[in-house]
There are 2 protein chains.
Amino acid sequence: MIGDMGRWEPNARGRLEQAALDLFSERGFDATTVKEIAERAGLTERTFFRHFADKREVLFGSSPLQESLVTALDAGPDTVAPIDAIAVALRVTADLLQERRELARRRQAIIDAHTELQERELIKLASLSSALADALRRRGVAEPAASLAAEAGIAVFKIAFVRWVNESNRQDLPELVQDALDELKAVTAGK
Amino acid sequence: MIGDMGRWEPNARGRLEQAALDLFSERGFDATTVKEIAERAGLTERTFFRHFADKREVLFGSSPLQESLVTALDAGPDTVAPIDAIAVALRVTADLLQERRELARRRQAIIDAHTELQERELIKLASLSSALADALRRRGVAEPAASLAAEAGIAVFKIAFVRWVNESNRQDLPELVQDALDELKAVTAGK
DNA sequence: CGGGTGATGACAGAGACTGTCATCGCTATG
DNA sequence: CATAGCGATGACAGTCTCTGTCATCACCCG
């Protein structure tokens, strides 16, 4: 418990996120009630739901990945092939994510332990894929190439991320992304 | 209402699925309570939860896709490239699915209207992808090629399926799958 | 016909989420 | 400095999902 702070203590949302992360780590997602999260943050259950649409969303509320990916994609020149534009965006974003490795690990451990959280993660990734496809279309890429390239990019990122989080030795995430992409190219080439 | 049937009317599970599909179509997913579904099927709410883990699962309980995909993959010769083995399995399964077009449309309309249902659909597809990757590994495909090929295959299937469901003119689903796969190959080749 | 077994009903209860209204702290404005 | 407005919070009641528990019912087996 942080202590009872009156109303208007700053950063209510951040306090809720921190409290949730701690409690989920300690007791697990199911064994933690929203009321408990709110109380640890010095707030009420009702206020929790004003900041987050549901109990799961507190783990997914701040995700700078989408912005980074889309920005990087829009920035690159329109001349390169879609898959290469995606490769660049993925590596830039991977580099960003790399700075928060411990937070990412902790969060992922919670998510991996609960199916409901995996569902939420998957739909966030789908939204990411959709945003990527939009950005590609803005670059003049037609359908279904845009959607396919976006889906392929997300798949590559997912697989690289899993390796990065699980390996105990610090491997470079952008490198893992590049490796996974090369593997995908090899596989789809029919080998 | 089907009428009040005593206990032991046959196919309780099927009646629940049918009642749910009808009610979700009529009123929407949120506006339908589990109690209403159960009553239309001549059962109680408690019994609903004995057949389905949660309210969403009633739409996903019977999915023969996974079995078909894995069976088809295991059946093919080990000599072909992973991506081609997947292509065959996808086309065989697409052909199966094609027979239930109207049911698929109705179901998909409900799913598309509710985020929570899309979450469940995505995790079912992830499970499918995982099963595909397992089957590939049984064929001797190494990681991460197996996972990447499986993810790519699911992406191809997803995009072909969307087109098949939305187009008013009856296009051949296996053909759409093949087209999407060819597109993916072109995209990952760097064009 | 009695016992066993599995499916169902009845009931209570926890917890997620929503609607509504009161209350609080800050700020602009006179 | 008073006060009115505004956004964030609290308080409270209520619905619905989902679970645990025990009784009851239909069927099958000997």
For [X] and [N], what is the distance between atoms [atom1] and [atom2] respectively, to the nearest whole Å?
X	N	atom1	atom2	value
B:Arg13	C:dT8	CZ	P	11 Å
B:Lys55	C:dC17	NZ	P	13 Å
A:Leu16	C:dC17	CG	P	14 Å
B:Asp30	C:dC17	CG	P	12 Å
B:Arg15	C:dA7	CZ	C1'	12 Å
A:Phe48	D:dA11	CZ	P	18 Å
B:His114	D:dC16	NE2	P	16 Å
B:Phe29	C:dC17	CZ	P	13 Å

Salt-bridged, [X] to [Y], with N to O below 4.0 Å?
X	Y	answer
B:Asp74	B:Arg139	no
B:Glu36	B:Arg27	yes
A:Glu121	A:Arg56	no

Short side-chain donor-acceptor distance under 3.5 Å, A:Thr47 and A:Thr44: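 Per modelled atom types, A:Thr44 and A:Thr47 side chains form a pair under 3.5 Å.
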Nearest 0.5 Å please: distance from the CD1 atom of A:Ile123 over to the CG atom of B:Leu117.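 Spacing of CD1 (A:Ile123) from CG (B:Leu117) equals 9.5 Å.
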Taking atom CD1 of A:Ile154 and atom OG of A:Ser129, what is their separation to the nearest 0.5 Å?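 One gets 5.5 Å once the value is rounded to the nearest 0.5 Å.
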Could you work out how much the helix from C:dC1-D:dG30 to C:dG30-D:dC1 bends, comparing the axis of its first five pairs with that of its last five, to 10°?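 Inter-axis angle at the ends, rounded: 0°.
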Which of parallel (below 30°), tilted (30 to 60°) and perpendicular (above 60°) describes B:Phe161 and B:Trp164?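 B:Phe161 and B:Trp164: tilted rings.
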State which of C:dG9, C:dA16, D:dT17 makes the closest approach to the side chain of B:Thr47.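 Nearest to the side chain of B:Thr47 among the choices is C:dG9.
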Nearest to the B:Leu43 side chain among C:dC17, C:dT8, D:dT9, which nucleotide is it?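 Closest nucleotide among those given: C:dT8.
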Show the distances under 3.5 angstrom between N or O atoms of the protein and N or O atoms of nucleotides 19-21 of chain C.
from, atom 1, to, atom 2, distance (Å)
C:dG19, N7, A:Arg46, NH2, 3.1
C:dG19, O6, A:Arg46, NE, 2.7

Cation over ring, A:Arg107 on A:Phe60, under 6.0 Å and within 45°?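 So A:Arg107 does make the cation-pi contact.
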With a cut-off of under 6.0 Å to the ring centre and 45° to the axis, is B:Lys55 in cation-pi contact with B:Phe29?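 Yes, B:Lys55 and B:Phe29 form such a contact.
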Measuring to OP1 and OP2 of D:dT9, would you say a side-chain N or O of A:His51 lies under 4.0 angstrom away?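 Checking D:dT9 against A:His51, a side-chain N or O does come within under 4.0 Å of OP1 or OP2.
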